[in-house]
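Basis for what follows: all heavy atoms, side chains included, without hydrogens, waters or symmetry-related copies. In listed order, ligands and their atoms are each counted from 1. What you see is a predicted model; the values in this text were computed from it and never measured.
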Amino acid sequence: MASTMIDQSVCQLLNHLAEGAITAEALTEACLNAIRRLDDRIQAFLWVDEDGALEQARTIDAKRRRGEPMGALAGLPVAVKDVLCTAGAPTTCGSRMLRNFVPPYDATVIQRLRQADAVLLGKTNLDEFAMGSSTENSAFQVTRNPWDLDRIPGGSSGGSAAAVAAGMAPLALGTDTGGSIRQPASLCGIVGLKPSYGRVSRFGLVAYGSSLDQIGPMARDVRGAARLFEAIAGHDPLDSTSVPEPAPTLLPLLEEPVRPLTIGVPREFFAAGLDAEVEAAVRDALRVYERLGARCLDVSLPHAPFAVATYYLVATAEASSNLARYDGVHFGHRAAQFHDLIDMVCKSRGEGFGAEVKRRIMLGTYALSSGYIDAYYLKALKVRRLIKNDYDAAFGQCDVVMGPTAPTPAFRIGEKVNDPLAMYLSDIYTISANLAGLAGISIPCGFTKANLPIGLQILAAPLAEAKLLRVARMFERETDWHLRRPTMT
Ligand code: GLN
């Protein structure tokens with residue numbers, strides 16, 4: 001029963017919960033059992049709140065028995081990337097720096113999950129401060145891909161992606177600064193939605209690149225992701241970058257196909273470096289849309305080849321500023337021994353941060369330093385604008401843009417750890433959406449011969465999540481890639 005329960009979709013689970021066919025407690029217990037059975041091999045969770053989750057579930061069951069109105073996710077367990085503040089529960093950001101940090105407050109998305117009567121299962125592993133594409137940069141553990149335990153799950157939301165793919169949680173939250181929801185979703189065979197910039201409040205998200213960061217849902221299907229998105233989206237006065245509009249109502253529209261549908265296919269998304277099996281699966285997916293009546297249109301994003309370079313200036317510049325607060329006084333690890341204040345800050349930061357985070361702080365500090373800011377940071381901002389202009393022009397001709405989410409399927413653990421540039425290139429197709437503030441999603445669209453998942457990326461104009469999800473759902477209704485499960489589960 002336990003495994004059949006977690007094989008069900010979010011919509012089925014919500015129906016069973018509403019009808020009383022299952023209880024939140026039994027569903028939570030099923031997830032905890034899956035974690036007990038699988039997570040010593042997968043290592044998706046940094047912290048599991050066994051008692052707390054069961055207690056929340058019982059409270060929700062009791063509320064339902066009393067006939068009170070229930071929240072939109074009532075009884076559904078959700079795993080949370082450990083970069084989101086959870087009151088009274090550890091929030092490490094995958095860093096030694098915050099190993100002992102317990103926030104005194106909840107992020108807005110966590111509060112909204114509680115209001116929606118979701119059950120918070122625990123915190124998932126990530127690359128340190130969300131910097132990475134493989135989850136190997138975590139200070140604590142390497143998460144494995146449930147489809148092949150020798151491979152990475154993608155990153156930085158690799159723990160959330162692996163947890164959902166393995167059936168340890170029906171839903172998870174991730175964050176996406178340059179691809180960290182979509183790329184691991186693609187590599188783990190699940191759905192990951194990066195909402196438009198400003199759509200989901202980031203109050204209580206530990207900041208990485210503040211002009212790029214977004215929080216979004218990860219689920220096994222589009223409908224599940226849409227449910228979670230609806231619960232967390234919408235204006236929040238506590239985040240000054242939050243768009244002053246209520247959460248869009250999507251669910252009643254989700255099953256309506258977008259007609260007519262014009263799909264922009266950028267030639268830059270099928271360039272050298274794209275794995276042949278990934279390309280074939282994505283082209284097959286485009287044919288599915290054509291069968292459904294869509295028109296595919298060649299579009300060009302001429303500045304796309306500069307996206308990775310631009311991103312690694314903007315993101316690192318912002319990170320160098322955001323991470324200045326970890327000095328052993330305001331926040332973070334403090335060295336045990338030091339001579340004076342400067343020595344204390346140097347030692348604390350030296351001990352607390354891992355190699356990739358240090359690399360980024362140095363790169364960003366350099367790009368912002370006097371004498372170089374014009375040549376690097378300010379130049380990058382200009383290219384960012386050109387990238388955005390390319391998308392504005394494309395969306396003048398098409399409803400959505402499609403291509404691969406990642407250039408390759410999941411790579412082997414250790415394969416790219418000593419080659420930062422190769423690692424950075426795994427976000428080549430996802431990064432520009434963050435630079436341009438777009439909405440983007442990755443959905444399962446096939447498998448390689450070695451049985452590794454492949455993701456289709458769909459991008460839409462800022463705040464066009466409703467259209468994006470409807471288009472994604474059109475594909476899901478026609479195909480069954482999202483129903484495949486890794487054999488180890
Ligand atoms: N892999 C990219 C990076 O390392 C994106 C990370 C993210 O989206 N958080 O910055």
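- Close contacts of ligand 1 with Asp176, meaning ligand atoms under 4.0 Å from a residue heavy atom, involve 8 (O).
- Against a heavy-atom cut-off of under 4.0 Å, Tyr312 is close to the following atoms of ligand 1: 1 (N), 2 (C), 3 (C), 4 (O), 10 (O).
- The aromatic rings of Phe475 and Tyr289 sit parallel, their planes meeting at an angle under 30°, below the 60° perpendicular limit.
- The protein non-hydrogen atom at the shortest distance from atom 5 (C) of ligand 1 is Tyr311 OH, 3.3 Å.
- Listed by atom number, the atoms of ligand 1 under 4.0 Å from Gly132 heavy atoms are 1 (N), 2 (C), 3 (C), 4 (O), 6 (C).
- Using a cutoff of 4.0 Å between basic side-chain nitrogens and carboxylate oxygens, Glu279 and Arg283 are scored as salt-bridged.
- Between the side chains of Lys416 and Ser134, no donor-acceptor pair of N or O atoms lies under 3.5 Å.
- No heavy atom of Tyr424 sits closer than 4.0 Å to any atom of ligand 1.
- Atom numbering of ligand 1 starts at 1 in the shown order; those under 4.0 Å from a heavy atom of Met131 are 4 (O).
- Those atoms of ligand 1 with a heavy atom of Ser156 less than 4.0 angstrom away are 9 (N).
- Look at Ala315 and you'll find every heavy atom at least 4.0 Å from all atoms of ligand 1.
- In Asp427, the part holding a heavy atom less than 4.0 Å from any atom of ligand 1 is the side chain.
- Heavy-atom distances between Arg360 and ligand 1 reach below 4.0 Å in at least one pair.
- Counting the atoms of ligand 1 from 1 in the order shown, those under 4.0 Å from a heavy atom of Tyr208 are 3 (C), 9 (N), 10 (O).
- Among protein heavy atoms, atom 6 (C) of ligand 1 sits closest to Ser180 OG, 2.8 Å.
- Side-chain contact between Ile42 and Met488 is present, with at least one heavy-atom pair separated by less than 4.5 Å.
- Residue Gly178 approaches ligand 1 through these ligand atoms, each under 4.0 Å from one of its heavy atoms: 5 (C), 7 (C), 8 (O).
- Contacts with ligand 1 closer than 4.0 Å are made by no heavy atom of Phe129, backbone or side chain.
- Each of the following atoms of ligand 1 lies closer than 4.0 Å to a heavy atom of Ala130: 6 (C), 7 (C), 9 (N).
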